[in-house]
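Take a look at the structure set out below.
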There are 2 protein chains.
Amino acid sequence: MTTIYDIAKRTGYSPTTVSKAFNNYSDVRAKTRQEILEAAREMGYLPNAHARTLTTKKSWTIGVLFVEGTGAGIRHPFFGAVIESFKQVAVDKGYALMFISKDVGGKQSGYLENCRIHGVDGVVVLLSDYDDPYFQELLDSSIPMVILDYETAQAHTVCSDNTAGALQAVEYLVSLGHRRIAHISGGKGTFPGKQREQGFVAAMESHGLEIPGDYIVEGAFYSLDSGYAAMQQLLALRERPTAVFASGDLLAQGAVMAARDSGLAVPADISVMGFDDIELSKFVTPALTTVQQNTAVLGRRAAEVLLDSIDQGRGDMQALVFPVEVVVRESCAPPAEE
Amino acid sequence: MTTIYDIAKRTGYSPTTVSKAFNNYSDVRAKTRQEILEAAREMGYLPNAHARTLTTKKSWTIGVLFVEGTGAGIRHPFFGAVIESFKQVAVDKGYALMFISKDVGGKQSGYLENCRIHGVDGVVVLLSDYDDPYFQELLDSSIPMVILDYETAQAHTVCSDNTAGALQAVEYLVSLGHRRIAHISGGKGTFPGKQREQGFVAAMESHGLEIPGDYIVEGAFYSLDSGYAAMQQLLALRERPTAVFASGDLLAQGAVMAARDSGLAVPADISVMGFDDIELSKFVTPALTTVQQNTAVLGRRAAEVLLDSIDQGRGDMQALVFPVEVVVRESCAPPAEE
DNA sequence: AGTGAACATTAAAGGGCTTACATTTGCAGC
DNA sequence: GCTGCAAATGTAAGCCCTTTAATGTTCACT
């Protein structure tokens, strides 16, 4: 492994000058730099990131906290799309992404600890359980951080406008003529789930529509199965809804399947609407009408906010909220005549 | 930031002893270790991974080369599932995962260069374009490496049995009574695509079935669109196939959509079969009959092979091949009477 | 020739950790 | 009380890089 000392020896300059040549210091003569760079190339020199980090205290590494243990992990369709777009700008600015787990080598250590050990310059958080004490510990630290799908004054946050999204969804269903609209919630435990539910309630009220107590049912973990189960409950009601707005696309798809298994056609007999617009939703039949989150923008802006925060230091926390859009496909239609 | 020196000062021991205490050296007295660990805890000490790496030459980091630039990235449904399972065992053994890109900070540097700079202990490769010169450069290096979906004597590789998979697919279609079976190939540029195509050809031959020249059409990039286009070609043929075996699920789904748009019902009028069993395939209508790759095993075994190779050093290269399985769903049926 | 500014280079320290080797301690055995 | 040996601890160098402060050079101008 060649080091700057090797280059120094070979070129006759000192290690200092070699280092400066690489770091574009103005006080090394153009010709000198040429010589050094040339020698470095010939010798196959590559800087050692660890050594550099040790002295500069800057690792050019960003920690990624990604949903773990839910079985989905990296496959999480929404976060996966966001991190992909995040990655592009981070890499472009010279950062590498490193997954930070809370249990490494079989021992529970926590997010903060592992961030410190690896000296990450900042952290992007894509978690679904924001009550996790290890997350809280990290949140209380002073590591530059951007969090997705959450809001807090303690860090920069990037969200879609869940409330408005729910509102638009209801608007759309109402515009089709629906009045008995139910909601499959993502659960109060999750931040977006709560917001979407609130948006739903508010939107219904603003239209003077009643929400029977059993018209809001919880779908745990945004999973297909729980969407299915939730829909079964809704279908068993005496006064069955004509449309269902689900807090996530997988929930919605589960609902569609439950409806179908009960002999109901979607959207002819009952309309179903989702949230997120994951890739899946285009391909199912009927293609899912849903509220689309702009994952590309979410990821990009999250990266920009984080990198700024790394550069500028702790400033005012930003809470970015991005608009969403109803994507009309095939799973909603006017209610059947009664 | 507390260092072992701080702990040394506080406890009265030397930095050496402190270091040894953390690293479970046998030559530090139990009581001494206690004291030191206790002090460390109180002082909030955490080891500095970079400093440690600098001296030990071991970073406890694994580089991940993941498809870039195809638009899918981390969302790649098959590789995403594999890396998730890979990650679990790597993390469990104490490794962290770091994404290695070829262009960092806006300049082309290549995979090998970035691996060296970050001193990764090993690399897992999930790429689709194995002709990339930067990948070749890495392959020629001596970094411990495991590659997915590829075979070469230069590194450990982990694959599904693509040939057998294609064979099983054909068997299944034949068992339903099909004789005019076409193939939408993943393209000869991709390793699994080639294997599946060969498997298809061999299987057809073994059944004495003819493959008209235009019964094999290439679907670039395994994308939905190209599956759609490929299917259109097949449907335009004078003697249209009764079943189509596609090299990937997205291709298959594209084919299904093309068939539908041509007024054909799947599977009543034409059967379509895929490969991979990505998450999507369960949810589309008709649910896709496909050849399932066992991503959990693929990822786990890839990790095991790589970690062994890191520990044991360069030994014989392993080429692991795992069996696949036909998952029967709804997209295939006996051919229509003629 | 002498002065000072501007430029070019270097020595040395430091960042946090490990490790080969050296030294001290404790204690059994005489 | 002394020797000798194992156990326990310490010294110091080294990993590779950056940076501050100091030294050395050049050159324009009086």
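Below, read A as the first sequence line, B as the second, and so on, with proteins coming before strands; counting in each chain starts at 1.
Within 6.0 Å of CG on B/N24 lie more than 12 heavy atoms contributed by other residues, nucleotides or ligands.
With ring centers used as reference points, A/F99 lies under 6.0 Å from B/F99.
Judged by distance alone, with hydrogens and angles left aside, A/Y5 brings no side-chain donor or acceptor close enough to the base of D/dC16 to form a pair under 3.5 Å. Not a single donor-acceptor contact under 3.5 angstrom links the side-chain atoms of B/S19 to the base of C/dT18.
The separation between A/M43 atom CE and D/dC16 atom P is 13 Å, rounded to whole Å. The nearest whole Å value for the distance from the CD1 atom in A/I36 to the P atom in D/dC17 is 13 Å. Look at NZ on B/K57: it is 12 Å from P on C/dT19, rounded to the nearest Å. In this entry the distance linking OH of B/Y25 with C1' of D/dA6 reads 19 Å, nearest Å. Distance A/K31 NZ to D/dT26 P: 12 Å, rounded to the nearest Å. A/E35 places its CD atom 14 Å from the P atom of C/dA8, with the value rounded to the nearest Å. The CG atom of B/N48 sits 6 Å away from the C1' atom of C/dG16 (whole-angstrom rounding). Rounded to whole Å, the distance from CG on A/D6 to P on D/dC16 is 8 Å.
Heavy atoms of B/Y13 sit under 4.0 angstrom from primed sugar atoms or phosphate atoms, though from no base atom. If you check every strand for non-hydrogen atoms under 4.0 Å, B/T16 touches a base. A/G12 comes within 4.0 angstrom of the backbone, heavy atoms only, and of no base. Residue B/T53 is out of contact with every strand shown, counting any heavy-atom pair closer than 4.0 Å.
Residue B/R29 has a polar side-chain atom (N or O) positioned under 4.0 Å from OP1 or OP2 of D/dT9. Side-chain N/O atoms of A/T56 include none lying less than 4.0 angstrom from OP1 or OP2 on C/dG15. Proximity of A/T17 to the phosphate of C/dT10: a side-chain N or O atom is located under 4.0 Å from OP1 or OP2. In terms of phosphate contacts, B/Y45 brings a side-chain nitrogen or oxygen within less than 4.0 Å of OP1 or OP2 of C/dC17. An OP1 or OP2 oxygen of D/dA8 is reached within less than 4.0 angstrom by no side-chain nitrogen or oxygen of B/K20. Contact check, B/R52 against C/dT18: a side-chain N or O comes under 4.0 Å of OP1 or OP2.
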Inset, instruction - List the steps, then state whether side chain to side chain donor-acceptor pair (under 3.5 Å) holds for A/E113 with A/Y134. - result: CA-CA 9 Å; A/E113 175 165 333; A/Y134 282 124; over 6 Å; no

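The side chain of B/N23 lies closest to C/dT18 when the candidates are D/dA8, C/dT18, D/dT20. For B/I4, counting side-chain heavy atoms from C-beta on, the closest listed nucleotide (C/dA8, C/dG16, C/dC17) is C/dC17.
Ion pairing of A/K87 with A/E84 is absent here, as no side-chain N (NZ or NE/NH1/NH2) approaches a carboxylate O to less than 4.0 Å.
A residue-by-residue look at A/P15 and B/S14 shows that B/S14 has its nearest nucleotide of DNA chain D further toward the 5' end. In this structure, B/T55 and A/D27 both approach DNA chain D, and ranking their closest nucleotides by distance from the 5' end singles out B/T55.
Annotation: salt bridge (charged side-chain N to carboxylate O under 4.0 Å, His left out) contacts of B/R116 (sequence neighbours excluded): none.
Side-chain contact between A/E35 and A/Y13 is present, with heavy atoms from C-beta onward closer than 4.5 Å.
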